[in-house]
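Numbering starts at 1 and runs along the sequence shown.
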Amino acid sequence: MNDTMVTLVGNVATAVEYRETVAGVPVARFRMAATSRRWDKARECWADGETSFYTVRSWRALADNVAASVAVGEPVVVQGRLRVREGEQPPEKGGQRWFAAEVDALAIGHDLARGTSAFRRVARARKAADGTQRDVESVPLEKVESSTTVVMEGPVNRRTVAPVGRAGPPGNSPQKASVP
């Protein structure tokens with residue numbers, strides 16, 4: 001399918017609405033505001049452009065995590081499929097035509113260019129080969145398939161945490177732990 005994929009950068013404009021469908025599938029929805037900024041040469045300063053509002057929907061595990069992590073006013077980056085809906089108001093409300101931009105999110109995260117965030121892995125139940133359910137955290141680390149860096153809780157000491165590609169202490173910084 002030829003979907004229009006978009007990446008939006010902006011702020012959460014409404015509280016996250018969390019619900020489950022009749023089939024028990026979690027869904028989270030919120031409105032997001034994105035404002036373009038341009039350099040105004042005449043005034044020699046940044047000027048805000050028009051603000052666009054988008055409805056962002058997330059499903060399943062992403063919906064659970066969004067409901068637990070995102071709040072009004074926080075800067076976020078959303079990546080997903082753009083959907084444009086249109087409709088018409090009833091005649092008693094003026095009968096005007098309307099359009100709405102929605103994004104079916106594949107990924108949502110805090111905008112780290114405007115603040116810090118701490119990642120917490122969520123334990124999920126999975127079915128074992130024998131059909132029983134077990135917690136993901138009961139799986140030995142050597143069985144984990146991905147490589148992830150997890151930020152540990154605690155204050156960040158900028159003298160000991162070096163950006164990637166710059167000189168710093170060998171191995172992981174004291175504030176990070178690698179999961180193989």
Side-chain angles (χ1 to χ4, degrees), residues 1-90 93-122 124 146-153 155-156 158 161-166 175-176:
M1 189 151 73
N2 293 330
D3 290 328
T4 303
M5 301 300 289
V6 295
T7 301
L8 303 172
V9 178
N11 292 317
V12 177
T14 64
V16 176
E17 296 174 19
Y18 180 83
R19 65 179 180 84
E20 289 187 2
T21 65
V22 176
V25 177
V27 181
R29 173 190 175 277
F30 65 90
R31 298 276 289 162
M32 175 182 176
T35 304
S36 62
R37 292 181 55 90
R38 292 181 172 73
W39 180 254
D40 186 344
K41 288 183 182 181
R43 295 186 331 184
E44 295 185 1
C45 65
W46 287 98
D48 286 344
E50 290 188 28
T51 301
S52 298
F53 288 89
Y54 301 89
T55 298
V56 178
R57 291 186 199 286
S58 56
W59 301 82
R60 298 175 185 78
L62 180 58
D64 292 336
N65 295 338
V66 165
S69 303
V70 174
V72 175
E74 294 180 343
V76 292
V77 179
V78 175
Q79 195 252 341
R81 294 178 189 90
L82 179 65
R83 305 272 189 241
V84 178
R85 295 186 317 121
E86 62 179 288
E88 199 169 308
Q89 290 180 337
K93 290 190 175 182
Q96 291 185 343
R97 209 165 181 190
W98 56 265
F99 294 89
E102 297 181 349
V103 177
D104 287 331
L106 300 175
I108 300 172
H110 289 105
D111 184 356
L112 298 181
R114 298 193 279 160
T116 61
S117 185
F119 180 80
R120 290 179 309 277
R121 187 173 300 279
V122 176
R124 302 245 184 255
S146 64
S147 174
T148 305
T149 300
V150 180
V151 176
M152 305 297 279
E153 288 187 32
V156 175
R158 298 208 181 273
V161 179
V164 175
R166 295 190 183 165
Q175 302 300 320
K176 294 185 179 180

Using the side chain to side chain donor-acceptor pair (under 3.5 Å) criterion, which residues pair with Glu74? Sequence neighbours excluded. His110

Sorted by chain and number, sequence neighbours left out, side chain to side chain donor-acceptor pair (under 3.5 Å) with Thr35 holds for Thr51

Might you confirm whether atom CD of Glu50 has over 12 heavy atoms from other residues, nucleotides or ligands at distances under 6.0 Å? no

Decide yes or no for Met32 and Ile108: does some side-chain heavy atom of the first lie under 4.5 Å from some side-chain heavy atom of the second? no

For residues 96-107, which residue pairs pass the salt bridge (charged side-chain N to carboxylate O under 4.0 Å, His left out) check, not counting sequence neighbours? Arg57-Glu102, Arg83-Asp104, Arg85-Glu102, Glu86-Arg97

Residues that Arg60 engages under side chain to side chain donor-acceptor pair (under 3.5 Å), provided they are two or more places apart: none

Between the CZ atom in Arg121 and the CG atom in Asn65, the distance rounded to the nearest 0.5 Å is 11.0 Å

How many angstroms lie between atom CD of Gln96 and atom CD of Glu88, to the nearest 0.5 angstrom? 9.5 Å

Stepwise side-chain contact (heavy atoms from CB on, under 4.5 Å) check, Val78 with Tyr54: CA-CA 10 Å; Val78 175; Tyr54 301 89; over 6 Å; no

Shortest non-hydrogen contact from Pro26 toward Asp64: CB-OD1, 3.5 Å

Minimum heavy-atom distance between Val16 and Ala28, given as atom pair plus value: CG1-CB, 3.9 Å

Taking all heavy atoms of Ser117 and all of Leu112, pick out the closest pair and write down the distance. CB-CD2, 3.7 Å

Looking only at heavy atoms, what is the nearest atom pair of Ser58 and Ala105, with distance? CB-CB, 4.5 Å

Distance, nearest 0.5 Å, that separates CG of Asp111 from CG of Leu8: 12.0 Å

Go through the steps to decide whether Met5 and Leu106 satisfy the test side-chain contact (heavy atoms from CB on, under 4.5 Å), and finish with yes or no. CA-CA 10 Å; Met5 301 300 289; Leu106 300 175; 3.2 Å; yes

Applying side chain to side chain donor-acceptor pair (under 3.5 Å) to Gln89 and not counting sequence neighbours gives none

Looking only at heavy atoms, the pair that brings Pro75 and Arg114 closest together is CB-NH2, 3.0 Å

Per-pair distances, 0.1 Å, donor-acceptor, side chain in residues 36-46, under 3.5 Å, sequence neighbours excluded:
{"from": "Ser36", "atom 1": "OG", "to": "Arg38", "atom 2": "NH1", "distance (Å)": "3.0"}
{"from": "Arg37", "atom 1": "NH1", "to": "Asp48", "atom 2": "OD1", "distance (Å)": "2.6"}
{"from": "Asp40", "atom 1": "OD1", "to": "Ala42", "atom 2": "N", "distance (Å)": "3.1"}
{"from": "Asp40", "atom 1": "OD1", "to": "Arg43", "atom 2": "N", "distance (Å)": "3.4"}
{"from": "Asp40", "atom 1": "OD2", "to": "Arg43", "atom 2": "NE", "distance (Å)": "3.3"}

Taking it one step at a time, do Val103 and Val6 satisfy side-chain contact (heavy atoms from CB on, under 4.5 Å)? CA-CA 8 Å; Val103 177; Val6 295; 4.1 Å; yes

Nearest heavy-atom contact between Ala67 and Tyr18 is CB-CD1, 3.7 Å

